[in-house]
Amino acid sequence: MAAKATVPRKTRNPDLIRGVGKYSRSKMYHKRGLWAIKAKNGGVFPRHDARPAAETALVKPPKFYPADDVKKPLVNKHKPKPTKLRASITPGTVLIILAGRFKGKRVVFLKQLSSGLLLVTGPFKINGVPLRRVNQSYVIGTSTKVDFSGVNVDKFDDKYFAKAVEKKKKKGEGEFFEAEKEEKNVLPHEKKDDQKSVDTLLIKSIETVPDLKTYLAARFSLRSGMKPHELVF
Amino acid sequence: MPFKRYVEIGRVALVNYGEDYGKLVVIVDVIDQNRALVDAPDMVRSQMNFKRLSLTDIKIDIKRVPKKKELLAAMEAADVKKKWESSSWGRKLIVQKRRASLNDFDRFKLMLAKIKRAGLVKSELAKMKKQSA
(Lines give C-alpha, C1' and ligand atoms only; values in the text may rest on other atoms or scores of the structure.)
Protein backbone atom coordinates (compact mmCIF):
# COMPACT_ATOMS: atom_id res chain seq x y z
CA MET A 1 0.00 0.00 0.00
CA ALA A 2 1.36 3.41 -0.85
CA ALA A 3 1.61 5.43 2.37
CA LYS A 4 1.37 9.20 2.05
CA ALA A 5 3.47 11.34 4.36
CA THR A 6 0.91 12.38 6.96
CA VAL A 7 1.45 14.49 10.04
CA PRO A 8 1.60 12.08 13.06
CA ARG A 9 -1.79 12.32 14.70
CA LYS A 10 -2.44 12.50 18.43
CA THR A 11 -3.84 9.10 19.50
CA ARG A 12 -7.54 8.95 20.09
CA ASN A 13 -6.92 6.55 22.97
CA PRO A 14 -4.94 8.26 25.71
CA ASP A 15 -3.00 6.08 28.15
CA LEU A 16 -4.28 5.75 31.70
CA ILE A 17 -0.98 4.13 32.58
CA ARG A 18 1.53 2.51 30.27
CA GLY A 19 -0.11 -0.40 28.57
CA VAL A 20 -3.71 0.48 29.49
CA GLY A 21 -5.78 2.73 27.27
CA LYS A 22 -8.74 4.75 28.32
CA TYR A 23 -11.18 3.27 25.81
CA SER A 24 -12.12 -0.36 25.17
CA ARG A 25 -11.93 -2.08 21.80
CA SER A 26 -15.58 -1.50 21.04
CA LYS A 27 -15.40 2.16 22.05
CA MET A 28 -12.33 2.63 19.86
CA TYR A 29 -14.13 0.94 16.96
CA HIS A 30 -16.76 3.59 17.26
CA LYS A 31 -14.31 6.46 17.79
CA ARG A 32 -12.27 5.58 14.72
CA GLY A 33 -15.39 5.62 12.62
CA LEU A 34 -14.85 2.14 11.29
CA TRP A 35 -18.63 1.75 11.23
CA ALA A 36 -18.80 4.71 8.85
CA ILE A 37 -16.09 3.29 6.62
CA LYS A 38 -17.96 -0.01 6.49
CA ALA A 39 -21.25 1.69 5.76
CA LYS A 40 -19.67 3.68 2.95
CA ASN A 41 -18.35 0.47 1.47
CA GLY A 42 -21.56 -1.59 1.72
CA GLY A 43 -21.11 -3.42 4.98
CA VAL A 44 -17.57 -4.71 4.52
CA PHE A 45 -14.16 -3.17 4.94
CA PRO A 46 -12.78 -1.75 1.69
CA ARG A 47 -10.27 -4.03 0.15
CA HIS A 48 -7.10 -2.70 -1.40
CA ASP A 49 -5.42 -5.13 -3.69
CA ALA A 50 -1.70 -4.97 -4.10
CA ARG A 51 -0.52 -2.67 -6.84
CA PRO A 52 1.01 -4.50 -9.78
CA ALA A 53 4.74 -4.44 -9.16
CA ALA A 54 6.76 -2.27 -11.48
CA GLU A 55 8.52 -4.20 -14.17
CA THR A 56 12.12 -4.86 -13.15
CA ALA A 57 14.73 -5.15 -15.83
CA LEU A 58 16.02 -8.68 -16.40
CA VAL A 59 19.18 -9.16 -14.34
CA LYS A 60 21.71 -11.35 -16.09
CA PRO A 61 23.77 -13.68 -13.90
CA PRO A 62 27.31 -12.29 -13.46
CA LYS A 63 30.05 -13.73 -15.68
CA PHE A 64 32.66 -13.74 -12.93
CA TYR A 65 32.48 -14.77 -9.32
CA PRO A 66 35.57 -13.80 -7.28
CA ALA A 67 37.27 -16.75 -5.53
CA ASP A 68 37.59 -15.10 -2.10
CA ASP A 69 34.96 -13.21 -0.21
CA VAL A 70 36.48 -9.75 0.13
CA LYS A 71 34.86 -7.66 2.80
CA LYS A 72 33.79 -4.20 1.69
CA PRO A 73 34.37 -1.39 4.15
CA LEU A 74 31.20 0.07 5.62
CA VAL A 75 29.76 3.21 4.08
CA ASN A 76 30.78 6.36 5.98
CA LYS A 77 28.85 9.45 4.92
CA HIS A 78 30.16 11.49 7.84
CA LYS A 79 31.04 15.04 6.82
CA PRO A 80 33.31 16.87 9.27
CA LYS A 81 31.68 20.01 10.66
CA PRO A 82 33.52 23.34 10.46
CA THR A 83 35.49 24.04 13.64
CA LYS A 84 33.38 25.90 16.16
CA LEU A 85 34.88 29.28 16.96
CA ARG A 86 35.12 30.06 20.66
CA ALA A 87 32.65 32.72 21.74
CA SER A 88 35.47 34.83 23.20
CA ILE A 89 37.14 35.20 19.79
CA THR A 90 35.56 37.88 17.58
CA PRO A 91 37.10 39.93 14.75
CA GLY A 92 39.51 42.39 16.33
CA THR A 93 40.29 40.27 19.39
CA VAL A 94 43.90 40.19 20.56
CA LEU A 95 45.12 36.59 20.64
CA ILE A 96 48.23 35.11 22.22
CA ILE A 97 49.92 32.53 19.98
CA LEU A 98 51.25 29.64 22.01
CA ALA A 99 53.34 27.56 19.63
CA GLY A 100 55.44 27.83 16.55
CA ARG A 101 57.79 30.51 15.36
CA PHE A 102 55.69 33.29 16.83
CA LYS A 103 54.99 31.81 20.22
CA GLY A 104 54.13 34.37 22.84
CA LYS A 105 53.28 37.02 20.28
CA ARG A 106 50.12 39.02 20.75
CA VAL A 107 48.25 39.20 17.49
CA VAL A 108 45.02 40.63 16.08
CA PHE A 109 42.38 38.15 14.91
CA LEU A 110 40.81 38.89 11.52
CA LYS A 111 38.46 36.08 10.61
CA GLN A 112 37.93 32.34 10.58
CA LEU A 113 38.66 30.71 7.24
CA SER A 114 36.58 27.94 5.72
CA SER A 115 39.09 25.30 6.82
CA GLY A 116 38.54 26.32 10.44
CA LEU A 117 41.92 28.00 10.85
CA LEU A 118 42.07 31.55 12.14
CA LEU A 119 43.45 34.34 9.97
CA VAL A 120 45.60 36.69 12.04
CA THR A 121 47.96 39.58 11.45
CA GLY A 122 50.58 41.17 13.75
CA PRO A 123 50.13 43.88 12.40
CA PHE A 124 53.41 43.26 10.62
CA LYS A 125 54.95 46.63 11.39
CA ILE A 126 54.27 46.23 15.09
CA ASN A 127 55.45 42.73 15.86
CA GLY A 128 56.58 41.07 12.65
CA VAL A 129 53.71 38.62 12.35
CA PRO A 130 52.39 38.68 8.75
CA LEU A 131 48.96 37.62 7.53
CA ARG A 132 49.02 34.09 8.77
CA ARG A 133 46.81 31.15 9.55
CA VAL A 134 46.78 29.78 13.07
CA ASN A 135 44.92 26.91 14.68
CA GLN A 136 42.39 27.81 17.33
CA SER A 137 43.83 25.25 19.74
CA TYR A 138 47.17 27.00 19.88
CA VAL A 139 45.77 30.35 20.81
CA ILE A 140 44.62 32.10 23.97
CA GLY A 141 41.81 34.58 23.36
CA THR A 142 42.20 37.69 25.51
CA SER A 143 39.36 40.03 26.29
CA THR A 144 41.15 42.97 24.67
CA LYS A 145 39.51 44.04 21.41
CA VAL A 146 40.81 46.31 18.66
CA ASP A 147 38.35 48.47 16.77
CA PHE A 148 37.67 46.45 13.63
CA SER A 149 35.39 48.81 11.72
CA GLY A 150 36.30 49.41 8.12
CA VAL A 151 38.70 46.51 7.75
CA ASN A 152 37.97 44.32 4.74
CA VAL A 153 39.31 40.78 4.79
CA ASP A 154 36.96 39.18 2.28
CA LYS A 155 39.61 38.42 -0.29
CA PHE A 156 41.57 36.06 1.97
CA ASP A 157 40.81 32.37 2.04
CA ASP A 158 42.74 29.10 2.30
CA LYS A 159 43.69 29.14 -1.37
CA TYR A 160 45.59 32.40 -0.82
CA PHE A 161 47.92 30.52 1.50
CA ALA A 162 48.50 27.46 -0.68
CA LYS A 163 52.11 26.73 -1.59
CA ALA A 164 53.08 27.88 -5.07
CA VAL A 165 53.39 24.89 -7.42
CA GLU A 166 57.06 24.31 -8.30
CA LYS A 167 58.11 23.49 -11.81
CA LYS A 168 59.62 20.04 -12.26
CA LYS A 169 63.40 20.29 -12.57
CA LYS A 170 65.70 18.00 -14.44
CA LYS A 171 67.91 15.98 -12.17
CA GLY A 172 71.26 17.45 -13.17
CA GLU A 173 73.24 17.82 -9.95
CA GLY A 174 75.15 21.03 -10.52
CA GLU A 175 72.20 22.92 -11.95
CA PHE A 176 69.88 21.56 -9.27
CA PHE A 177 71.48 23.34 -6.33
CA GLU A 178 71.95 26.66 -8.07
CA ALA A 179 68.39 26.79 -9.31
CA GLU A 180 66.99 26.09 -5.83
CA LYS A 181 68.82 28.98 -4.26
CA GLU A 182 67.44 31.51 -6.70
CA GLU A 183 63.75 30.68 -6.36
CA LYS A 184 63.57 30.61 -2.59
CA ASN A 185 63.09 33.97 -1.00
CA VAL A 186 60.99 36.20 -3.23
CA LEU A 187 57.70 37.24 -1.62
CA PRO A 188 55.34 38.45 -4.34
CA HIS A 189 54.45 42.12 -4.33
CA GLU A 190 50.70 41.50 -4.09
CA LYS A 191 51.15 39.80 -0.75
CA LYS A 192 53.10 42.76 0.59
CA ASP A 193 50.40 45.13 -0.64
CA ASP A 194 47.66 43.01 0.92
CA GLN A 195 49.54 43.10 4.20
CA LYS A 196 49.81 46.87 4.04
CA SER A 197 46.18 47.42 3.10
CA VAL A 198 44.93 45.38 6.07
CA ASP A 199 47.45 46.78 8.51
CA THR A 200 47.13 50.52 7.92
CA LEU A 201 43.54 50.67 9.17
CA LEU A 202 44.33 48.39 12.09
CA ILE A 203 47.36 50.38 13.14
CA LYS A 204 45.26 53.56 13.13
CA SER A 205 42.73 52.08 15.53
CA ILE A 206 45.52 50.57 17.64
CA GLU A 207 47.25 53.92 18.05
CA THR A 208 44.11 55.49 19.50
CA VAL A 209 44.40 53.25 22.58
CA PRO A 210 47.37 54.22 24.80
CA ASP A 211 50.00 51.50 25.31
CA LEU A 212 48.24 49.05 22.99
CA LYS A 213 50.99 49.31 20.40
CA THR A 214 53.75 48.44 22.87
CA TYR A 215 51.49 45.71 24.24
CA LEU A 216 51.23 44.07 20.83
CA ALA A 217 54.95 44.47 20.26
CA ALA A 218 55.80 42.64 23.49
CA ARG A 219 55.74 38.89 23.88
CA PHE A 220 53.71 37.12 26.53
CA SER A 221 55.54 35.01 29.09
CA LEU A 222 54.77 33.42 32.41
CA ARG A 223 56.58 34.95 35.34
CA SER A 224 57.13 33.64 38.83
CA GLY A 225 53.89 33.42 40.72
CA MET A 226 51.61 33.50 37.66
CA LYS A 227 49.25 30.58 37.70
CA PRO A 228 47.71 30.07 34.25
CA HIS A 229 44.57 28.47 35.62
CA GLU A 230 43.97 31.50 37.83
CA LEU A 231 44.90 34.20 35.32
CA VAL A 232 42.13 36.18 33.70
CA PHE A 233 42.93 36.81 30.06
CA MET B 1 47.45 39.86 75.67
CA PRO B 2 43.70 39.55 76.28
CA PHE B 3 41.22 38.74 73.52
CA LYS B 4 39.65 41.71 71.78
CA ARG B 5 37.17 40.16 69.33
CA TYR B 6 34.49 38.11 71.05
CA VAL B 7 31.80 35.89 69.67
CA GLU B 8 28.63 37.74 70.59
CA ILE B 9 25.27 38.56 69.09
CA GLY B 10 25.92 41.18 66.47
CA ARG B 11 29.56 40.35 65.81
CA VAL B 12 30.37 40.68 62.10
CA ALA B 13 32.50 37.84 60.75
CA LEU B 14 34.08 36.87 57.45
CA VAL B 15 33.38 33.41 56.11
CA ASN B 16 36.70 31.73 55.34
CA TYR B 17 35.60 28.30 54.11
CA GLY B 18 32.78 26.81 52.13
CA GLU B 19 30.17 27.97 49.69
CA ASP B 20 29.83 31.45 51.13
CA TYR B 21 33.57 32.05 51.14
CA GLY B 22 34.42 35.74 51.39
CA LYS B 23 31.03 36.93 52.63
CA LEU B 24 30.50 39.20 55.59
CA VAL B 25 27.94 37.71 57.98
CA VAL B 26 26.49 38.69 61.33
CA ILE B 27 26.33 36.27 64.25
CA VAL B 28 22.68 36.27 65.18
CA ASP B 29 22.60 33.47 67.77
CA VAL B 30 24.88 30.87 69.28
CA ILE B 31 23.68 27.29 68.86
CA ASP B 32 26.22 25.41 70.92
CA GLN B 33 29.92 25.33 71.62
CA ASN B 34 30.83 24.97 67.97
CA ARG B 35 28.09 26.53 65.90
CA ALA B 36 26.46 29.86 65.41
CA LEU B 37 23.34 30.99 63.65
CA VAL B 38 24.51 33.41 61.03
CA ASP B 39 22.76 35.85 58.72
CA ALA B 40 23.61 38.31 55.96
CA PRO B 41 21.51 40.57 53.73
CA ASP B 42 21.94 38.33 50.69
CA MET B 43 21.68 34.87 52.19
CA VAL B 44 19.23 32.62 53.94
CA ARG B 45 19.84 32.50 57.70
CA SER B 46 21.83 29.35 58.44
CA GLN B 47 24.15 27.70 60.93
CA MET B 48 27.89 27.79 60.59
CA ASN B 49 30.74 26.27 62.52
CA PHE B 50 32.93 28.86 64.24
CA LYS B 51 35.89 27.34 62.47
CA ARG B 52 34.46 28.69 59.22
CA LEU B 53 34.29 32.22 60.55
CA SER B 54 36.97 34.82 61.05
CA LEU B 55 35.82 37.48 63.51
CA THR B 56 36.20 41.12 62.58
CA ASP B 57 36.35 44.25 64.70
CA ILE B 58 32.88 45.31 63.64
CA LYS B 59 29.91 44.79 65.95
CA ILE B 60 26.34 45.88 65.42
CA ASP B 61 23.58 46.41 67.94
CA ILE B 62 20.86 43.77 67.55
CA LYS B 63 18.72 41.60 69.77
CA ARG B 64 19.09 37.81 69.69
CA VAL B 65 17.64 36.42 66.41
CA PRO B 66 16.24 39.60 64.90
CA LYS B 67 13.87 39.65 61.96
CA LYS B 68 15.55 40.08 58.61
CA LYS B 69 14.22 43.62 58.24
CA GLU B 70 15.53 44.60 61.67
CA LEU B 71 18.90 43.08 60.83
CA LEU B 72 19.10 45.04 57.60
CA ALA B 73 18.15 48.24 59.40
CA ALA B 74 20.78 47.66 62.08
CA MET B 75 23.42 47.01 59.46
CA GLU B 76 22.52 50.23 57.68
CA ALA B 77 22.59 52.17 60.93
CA ALA B 78 26.03 50.88 61.85
CA ASP B 79 27.21 51.30 58.24
CA VAL B 80 28.96 47.94 58.21
CA LYS B 81 29.84 48.15 54.54
CA LYS B 82 31.66 51.45 54.82
CA LYS B 83 33.49 50.42 57.99
CA TRP B 84 34.62 47.21 56.36
CA GLU B 85 35.79 48.81 53.14
CA SER B 86 37.77 51.45 55.01
CA SER B 87 39.42 48.97 57.37
CA SER B 88 42.86 47.74 56.34
CA TRP B 89 41.67 44.12 56.21
CA GLY B 90 38.77 45.05 53.95
CA ARG B 91 40.97 47.18 51.73
CA LYS B 92 43.45 44.35 51.32
CA LEU B 93 40.70 42.01 50.16
CA ILE B 94 39.46 44.56 47.66
CA VAL B 95 42.96 44.95 46.24
CA GLN B 96 43.40 41.18 46.02
CA LYS B 97 40.13 40.88 44.10
CA ARG B 98 41.12 43.67 41.73
CA ARG B 99 44.51 42.09 41.07
CA ALA B 100 42.96 38.72 40.36
CA SER B 101 40.54 40.21 37.85
CA LEU B 102 43.20 41.99 35.79
CA ASN B 103 43.17 41.42 32.08
CA ASP B 104 46.39 40.50 30.20
CA PHE B 105 46.47 44.07 28.82
CA ASP B 106 45.90 45.46 32.32
CA ARG B 107 48.82 43.45 33.66
CA PHE B 108 50.99 44.87 30.89
CA LYS B 109 49.95 48.44 31.72
CA LEU B 110 50.61 47.72 35.38
CA MET B 111 54.11 46.55 34.55
CA LEU B 112 54.79 49.74 32.59
CA ALA B 113 53.50 51.85 35.47
CA LYS B 114 55.69 50.02 37.98
CA ILE B 115 58.77 50.51 35.82
CA LYS B 116 57.96 54.18 35.41
CA ARG B 117 57.50 54.67 39.13
CA ALA B 118 60.71 52.84 39.92
CA GLY B 119 62.52 55.04 37.41
CA LEU B 120 61.25 58.20 39.07
CA VAL B 121 62.22 56.97 42.51
CA LYS B 122 65.70 56.04 41.34
CA SER B 123 66.25 59.37 39.64
CA GLU B 124 65.21 61.23 42.80
CA LEU B 125 67.49 59.04 44.88
CA ALA B 126 70.37 59.69 42.51
CA LYS B 127 69.76 63.43 42.82
CA MET B 128 69.76 63.27 46.59
CA LYS B 129 72.94 61.20 46.63
CA LYS B 130 74.59 63.72 44.36
CA GLN B 131 73.62 66.57 46.67
CA SER B 132 74.91 64.94 49.77
CA ALA B 133 78.15 63.81 48.13
Side-chain angles (χ1 to χ4, degrees), chain A residues 86-90 92-99 102-109 120 122-123 126-127 129 134 138-148 202-203 205-233, chain B residues 13-25 40-43 48-49 51-54 56 81-82 84-127:
Chain A
R86 263 178 271 164
S88 59
I89 301 179
T90 61
T93 310
V94 173
L95 307 174
I96 301 176
I97 298 183
L98 295 172
F102 298 108
K103 54 178 160 287
K105 292 269 189 193
R106 296 169 171 123
V107 174
V108 178
F109 170 68
V120 295
I126 297 182
N127 55 20
V129 180
V134 127
Y138 297 96
V139 140
I140 296 180
T142 65
S143 50
T144 315
K145 314 258 180 219
V146 171
D147 183 19
F148 203 68
L202 274 178
I203 293 180
S205 21
I206 288 171
E207 284 178 340
T208 54
V209 182
D211 292 331
L212 189 56
K213 200 167 177 197
T214 38
Y215 172 63
L216 290 175
R219 283 211 202 215
F220 170 80
S221 70
L222 285 176
R223 305 280 156 77
S224 186
M226 287 173 110
K227 299 172 199 159
H229 67 295
E230 283 181 1
L231 288 178
V232 169
F233 283 100
Chain B
L14 185 70
V15 180
N16 59 28
Y17 182 92
E19 268 186 20
D20 303 309
Y21 180 86
K23 274 201 195 156
L24 274 183
V25 291
D42 59 343
M43 73 185 245
M48 250 190 210
N49 193 316
K51 292 186 177 179
R52 292 196 176 193
L53 298 173
S54 299
T56 68
K81 191 157 185 250
K82 197 157 143 248
W84 176 246
E85 284 171 3
S86 56
S87 73
S88 70
W89 185 358
R91 275 183 287 138
K92 266 190 273 178
L93 287 188
I94 290 173
V95 169
Q96 279 175 15
K97 267 202 203 116
R98 178 78 184 103
R99 287 208 181 126
S101 71
L102 284 180
N103 195 348
D104 189 46
F105 188 29
D106 293 335
R107 266 175 266 132
F108 182 79
K109 285 189 272 188
L110 180 68
M111 175 191 76
L112 292 181
K114 279 189 178 173
I115 293 172
K116 196 170 187 190
R117 197 219 302 172
L120 288 173
V121 169
K122 284 206 182 97
S123 67
E124 278 302 312
L125 183 63
K127 263 191 242 167

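Below, chain A is the first sequence line, B the second, and so on; all start at residue 1.
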| query | Can you find a pair of side-chain heavy atoms, one from Arg107(B) and one from Arg223(A), that are under 4.5 Å apart? | reply |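 Of all side-chain heavy-atom pairs linking Arg223(A) with Arg107(B), none is under 4.5 Å.
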| message | I'd like to check Asn103(B) versus Thr144(A) (side-chain heavy atoms, cut-off strictly below 4.5 Å). Are they in contact? | response | yes
| Closest heavy-atom contact between Val209(A) and Phe105(B)? | CG1-CE2, 4.1 Å
| task | Taking all heavy atoms of Ala218(A) and all of Phe108(B), pick out the closest pair and write down the distance. | result |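 Scanning both residues completely, I find the closest heavy atoms to be CB-CE1, 3.6 Å.
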| request: Name the region of Leu112(B), side chain, backbone, both or neither, that has any atom closer than 4.5 Å to a heavy atom of chain A. | output: side chain
| task | Could you have a look at Phe233(A), Phe220(A), Tyr215(A) and say which one has the most heavy-atom pairs with chain B under 4.5 angstrom? | result |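 Ranked by contacts with chain B, first place is Tyr215(A).
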| note | The reported gap from OG1 in Thr142(A) to CG in Asp106(B) (rounded to nearest 0.5 angstrom) is 10.5 Å
Should we say atom [atom1] of [X] is surrounded by more than 12 heavy atoms from elsewhere, each under 6.0 Å from it?
X         : atom1 : answer
Lys109(B) : NZ    : yes
Glu19(B)  : CD    : no
Arg99(B)  : CZ    : no

| said: Need one label for Ile96(A): side chain, backbone, both or neither, based on atoms under 4.5 Å from any heavy atom in chain B. | reply: side chain
